[in-house]
Amino acid sequence: MEYAARRSKGGPFEGLYRLIMRRNSVYVTFVILGAFAGERAVDYGVHKLWEYNNVGKRYEDIPVLGQRPSEE
């Protein structure tokens, strides 16, 4: 009996499903914004990982590159 009462309320995923999937426009907006946010998060994470693994090897880290002798 308790299981049926608990089941009829729905869980957090049920509420999220009802909130997002009720209208197609809300669902499409959620998917597009989620894809944009996910792309930004992955891009940021990969960039930070690349910088962490290449410290001292980047062009900006080598002091003699890109410097011209001063003409005095």
Side-chain angles (χ1 to χ4, degrees):
M1 190 61 117
E2 290 178 32
Y3 178 74
R6 189 174 34 173
R7 186 80 177 139
S8 65
K9 290 181 184 177
F13 293 115
E14 181 80 21
L16 186 63
Y17 177 81
R18 286 183 183 169
L19 177 69
I20 293 172
M21 300 288 206
R22 184 166 292 189
R23 298 182 63 195
N24 192 39
S25 59
V26 175
Y27 177 67
V28 170
T29 303
F30 176 76
V31 169
I32 290 172
L33 291 178
F36 182 73
E39 183 269 335
R40 299 288 291 177
V42 169
D43 184 47
Y44 178 79
V46 169
H47 182 72
K48 288 297 181 185
L49 183 65
W50 188 87
E51 282 185 349
Y52 177 76
N53 285 329
N54 290 299
V55 171
K57 302 174 194 172
R58 298 177 299 163
Y59 185 79
E60 300 89 27
D61 296 337
I62 302 172
V64 289
L65 293 179
Q67 295 180 356
R68 296 184 179 168
S70 62
E71 298 177 19
E72 291 183 25

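Remember, it's a predicted structure, so these values are computed and weren't measured experimentally.
Residues passing the side chain to side chain contact (heavy atoms under 4.5 Å, CB included) test with Val28 are Asn24, Ile32, sequence neighbours excluded. Judged as a side chain to side chain contact (heavy atoms under 4.5 Å, CB included), and not counting sequence neighbours, the contacts of Ile20 are Leu16, Tyr27, Phe30. Looking at residues two or more places apart in sequence or on another chain, you find no salt bridge (Lys or Arg N to Asp or Glu O under 4.0 Å) involving Lys57.
Residue Tyr52 is found outside any hydrophobic cluster, as its side-chain heavy atoms come under 4.5 Å of no other Ile, Leu, Val, Met, Phe, Trp or Tyr. Clustering of Ile, Leu, Val, Met, Phe, Trp and Tyr side chains at separations under 4.5 Å leaves Val26 isolated, with no partner residue.
Screening residues 20-42 for salt bridge (Lys or Arg N to Asp or Glu O under 4.0 Å), with sequence neighbours left out, gives no hits. Residue pairs that meet the salt bridge (Lys or Arg N to Asp or Glu O under 4.0 Å) test with at least one member in residues 45-56, sequence neighbours left out, are Lys48-Glu51, Glu51-Arg58.
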